[in-house]
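Quick caveat: nothing in here was measured; it's all calculated off a predicted structure.
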Amino acid sequence: VDNGLLSVSIVTRRDSGGTGTMADAYSTALYVMGEEAAVDFWRQQGSFDMVLVTEDGRVVITAGLADRFEEVKDSGYTYETVS
């Protein structure tokens with residue numbers, strides 16, 4: 001897939017019915033969708049968090065994970081939070 005994404009990681013919430021299988025399926029599907037559609041899907045579902053790494057050097061993090069990430073200087077990545 002050539003859509004600008006390098007990686008998609010999903011964190012599910014057990015209290016919302018999340019499972020490892022769900023995380024794996026979402027990660028594959030959202031990777032294929034691309035960044036914009038993945039963010040739209042996350043906004044509609046809201047039952048998981050995600051981290052997208054883009055080819056242009058961005059790490060896009062959902063609000064539920066934002067406090068767990070710290071930007072590393074000189075890493076070449078910039079961090080963005082979506083809500």
Residues forming a side chain to side chain contact (heavy atoms under 4.5 Å, CB included) with T19, sequence neighbours excluded: T21, M22

Non-hydrogen side-chain atoms of E55 and D2 separated by less than 4.5 Å: yes

Residue pairs fulfilling salt bridge (Lys or Arg N to Asp or Glu O under 4.0 Å) with at least one residue in residues 36-49, sequence neighbours excluded: R13-D49

side-chain hydrogen bond (donor to acceptor under 3.5 Å, both in side chains) involving D74 - partner list, sequence neighbours excluded: none

Passing option when Y26 is tested against Y31, W42, F41 for ring pair (Phe, Tyr, Trp, His ring centres under 6.0 Å): F41

Which residues share a salt bridge (Lys or Arg N to Asp or Glu O under 4.0 Å) with D56, sequence neighbours left out: R58

Q45, CD atom: more than 12 neighbouring heavy atoms under 6.0 Å: yes

Between OG1 on residue T62 and CD1 on residue I10, distance to nearest 0.5 Å: 8.0 Å

Hphob cluster co-occupancy, V60 + V72, side-chain heavy atoms under 4.5 angstrom: no

Minimum-distance pair of heavy atoms, taken over all atoms of L52 and A38: CD1-CB, 4.4 Å

Apart from Y77 itself, residues in the same hydrophobic cluster as defined by side-chain heavy atoms under 4.5 Å: L6, V11, V51, V53, V59, I61, L65, F69, Y79

T12: side-chain hydrogen bond (donor to acceptor under 3.5 Å, both in side chains) partners, not counting sequence neighbours: none

